[in-house]
> 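Please see the structure below; I have some questions.
In what follows, chains carry the letters A, B, and so on, assigned in the order in which the sequence lines appear, proteins first and then strands, with residues in each chain numbered from 1. Values below: every heavy atom of this structure, side chains too, minus hydrogens, waters and symmetry copies.
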Number of protein chains: 2
Amino acid sequence: MTDRADAGRDLGVRRGGVPEATVGRLPLYHRVLVDLADAGVDTVSSDALAATAGVSPAKLRKDLSFLGSYGTRGVGYEVSVLIEQIGAELGISSEWPVVIVGVGHLGHALANYGGFTSRGFRLVALFDEDPELVGTDVAGLVIRPFTDLPSVARAEGVTIGVVATPAAAAQDVADALVAAGVNSVLNFAPVVLTVPPSVDVRRVDLASELQILAFHQQRRGDELGQVAR
Amino acid sequence: MTDRADAGRDLGVRRGGVPEATVGRLPLYHRVLVDLADAGVDTVSSDALAATAGVSPAKLRKDLSFLGSYGTRGVGYEVSVLIEQIGAELGISSEWPVVIVGVGHLGHALANYGGFTSRGFRLVALFDEDPELVGTDVAGLVIRPFTDLPSVARAEGVTIGVVATPAAAAQDVADALVAAGVNSVLNFAPVVLTVPPSVDVRRVDLASELQILAFHQQRRGDELGQVAR
DNA sequence: AGGCGCTTGTGAAGGAGTGCACAAAGTTGC
DNA sequence: GCAACTTTGTGCACTCCTTCACAAGCGCCT
């Protein structure tokens with residue numbers, strides 16, 4: 001949140017200078033492009049791609065321009081080239097080892113989520129505290145006791161961890177992940193995790209999303225009554 | 001994304017003029033405040049609350065100022081008052097009926113997610129196409145066939161729907177939801193839904209979140225090698 | 001070979017969001 | 001009742017993001 005865009009400053013090189021807002025959309029573009037490739041499309045215009053991804057054409061072009069000039073004027077973008085370039089930017093070339101902690105329904109859902117491997121991730125372990133679950137097979141992996149985390153994390157070089165535990169356990173889990181060398185955490189528990197500044201946490205929160213929807217819904221309702229003043 | 005902040009324009013009245021970025025943080029504040037209330041705290045300063053929520057104090061104060069002046073200078077904010085006001089802004093006073101479509105692991109997890117009712121939502125029905133699942137009990141509700149959606153939605157006045165189906169089914173489900181009068185959709189399927197402009201869709205995407213984390217992770221790694229130029 | 005039409009890439013303008021710093025306002029202690 | 005201290009609320013400057021508009025560039029057609 002602070003010192004992000006200070007590398008590659010005065011150079012024409014924009015590598016590393018991709019704005020945060022753009023980074024947030026790259027995965028979307030990547031997915032849409034893969035879908036297009038699967039459908040046999042091999043060239044798209046920015047207008048068509050933007051429409052498919054649900055963003056404005058100008059925004060899309062500017063986003064892509066941060067990666068370099070991979071389009072052909074008068075024609076459009078070659079789908080395979082874009083997939084390649086966005087993939088490289090997102091680090092899909094390498095395979096990030098990922099662990100999931102907490103194998104309730106949510107953990108289950110995440111573990112079975114297809115497209116881990118196709119998007120540059122490799123699910124290396126599932127952890128849970130519940131002795132009933134430990135030893136069980138999920139998504140081709142055996143659930144391991146949470147105490148195994150440090151050894152597994154170190155052995156596999158895990159840097160990304162997913163917290164899918166109840167709220168009460170989340171902070172302890174986060175602490176353990178950090179201690180085991182993980183410095184990117186995806187948190188599904190409805191709590192604010194406290195971590196060292198070097199660790200990157202992203203929060204995914206069902207209730208927040210619903211409440212944001214409810215807010216807009218309510219506003220729409222309000223406007224019916226008090227429009228045009 | 002387009003015409004959001006045009007009501008209550010030149011007036012001193014800011015009701016309805018809450019910026020989108022602020023709206024996105026209100027649920028977080030609300031949750032943190034409820035936790036504080038549960039812990040017996042009844043007054044917080046903006047600094048303390050900001051620290052707990054993981055945002056800067058200035059941002060927090062500005063966010064709260066959009067709701068009105070509910071703090072006491074020299075003292076802080078009364079927790080119960082803030083909960084009340086944020087709740088009102090988010091529409092927690094009313095109870096929004098919600099349906100979930102798709103009761104796989106993710107649907108299960110969502111259905112069992114506590115704090116629906118405490119946050120202004122009431123889960124009124126679960127739907128699935130799978131005949132094996134229909135009739136099953138989940139979270140105190142019987143899973144109903146997807147074809148029941150229209151009648152239930154109309155009967156309960158459902159305006160918010162959650163899509164927790166596989167990607168292939170998501171668009172059809174969204175169409176059915178829209179046809180049934182739902183105009184706020186929370187989409188967990190990894191596809192871009194096409195809906196009329198009057199319908200509000202929010203997308204929650206595991207893969208995107210992971211890829212954003214991976215991007216930052218990669219950048220951190222890169223910097224180690226090519227820092228300070 | 002040259003011009004025409006299409007689409008990209010980008011400079012510049014406008015808007016939204018954030019951080020700073022301080023005045024306004026309340027409380028506590030004397 | 002006054003002064004000192006604390007904390008809110010907000011105007012201002014700054015940065016980041018988005019949108020607009022158009023020149024630059026490429027392919028196709030004649």
> If you assign each of B:Leu64 and A:Lys62 to its closest nucleotide in DNA chain D, which residue comes earlier from the 5' end?
B:Leu64
> Rounded to whole angstrom units, what separation is found between the NZ atom of B:Lys59 and the C1' atom of D:dT15?
13 Å
> For residues 160-172 of chain B, tabulate all N or O donor-acceptor pairs below 3.5 Å that involve a side-chain atom, not counting sequence neighbours.
residue	atom	partner	partner atom	Å
B:Gln171	OE1	B:Thr194	N	2.9
B:Gln171	NE2	B:Asp175	OD1	2.8
B:Gln171	NE2	B:Thr194	O	3.0

> Can you name the atoms? Protein N/O to nucleotides 28-30 of chain C N/O, anything below 3.5 Å, with the distance.
none

> Closest nucleotide of DNA chain D for A:Asp63 versus for A:Thr72: which of these residues is on the 5' side?
A:Asp63
> Look at the rings of A:His108 and B:His105 and say which category their plane angle falls in: under 30° parallel, 30 to 60° tilted, over 60° perpendicular.
tilted
> Side chain of A:Ser69: nearest nucleotide among D:dC17, D:dT8, C:dG9?
C:dG9
> Mind calculating the distance between CZ (A:Arg73) and P (D:dC22) to the nearest angstrom?
16 Å
> In whole angstroms, how far is the P atom of C:dT8 from the CD atom of A:Glu78?
14 Å
> Write down the distance between CG (A:Leu26) and P (D:dC17), rounded to a whole number of angstrom.
13 Å
> Measuring to OP1 and OP2 of D:dT7, would you say a side-chain N or O of B:Ser45 lies under 4.0 angstrom away?
no
> Mind checking the OG1-CG spacing from B:Thr159 to B:Leu177? Nearest 0.5 Å is all I need.
11.0 Å
> With respect to the side chain of B:Ser65, which nucleotide from D:dT10, C:dT18, D:dT18 is positioned closest?
D:dT10
> Of the options D:dG9, D:dC26, D:dC20, whose atoms approach the side-chain atoms of A:Ala58 most closely?
D:dC20
> Tell me the interatomic distance from B:Leu60, atom CG, to C:dG17, atom P, rounded to whole angstroms.
16 Å
> Could you measure the distance from the CG atom of A:Leu49 to the CG atom of A:Leu82? Nearest 0.5 Å is fine.
7.0 Å
> Hey, are B:Thr22 and B:Asp63 close enough side-chain-wise for a donor-acceptor pair under 3.5 Å?
yes
> So, is B:Ser46 near the phosphate of D:dT7, with a side-chain N or O under 4.0 Å from OP1 or OP2?
no
> Do other residues, nucleotides or ligands put more than 12 heavy atoms under 6.0 Å from the CD atom of A:Glu84?
no
> From CG of A:Leu67 over to P of C:dT8, roughly how many Å is that when rounded to an integer?
15 Å
> Using whole Å, report how far CZ of B:Arg61 lies from C1' of C:dG17.
16 Å
> When rounded to the nearest 0.5 angstrom, what distance separates CD1 in B:Ile212 from CD in B:Gln217?
14.0 Å
> C:dG9 phosphate, OP1 or OP2: any side-chain N/O from A:Tyr77 under 4.0 angstrom?
yes
> Which value, rounded to the nearest 0.5 Å, describes the distance between B:Phe116 atom CZ and B:Ile100 atom CD1?
4.5 Å
> Atom CZ of B:Arg25 and atom CD of B:Glu20: how far apart are they, to the nearest 0.5 Å?
10.5 Å
> Considering only nitrogen or oxygen atoms on both sides, find all protein atoms under 3.5 Å from nucleotides 28-30 of chain D and state each distance.
none

> Is the closest side-chain heavy-atom distance between A:Tyr70 and A:Ile86 below 4.5 Å?
no
> Check the phosphate of C:dT18 against B:Arg25, side-chain N and O only, distance under 4.0 Å to OP1 or OP2. Yes or no?
yes
> May I have the distance from B:Phe66 (atom CZ) to C:dG17 (atom C1'), rounded to whole angstrom?
9 Å
> Check the phosphate of C:dG19 against B:Ser56, side-chain N and O only, distance under 4.0 Å to OP1 or OP2. Yes or no?
yes
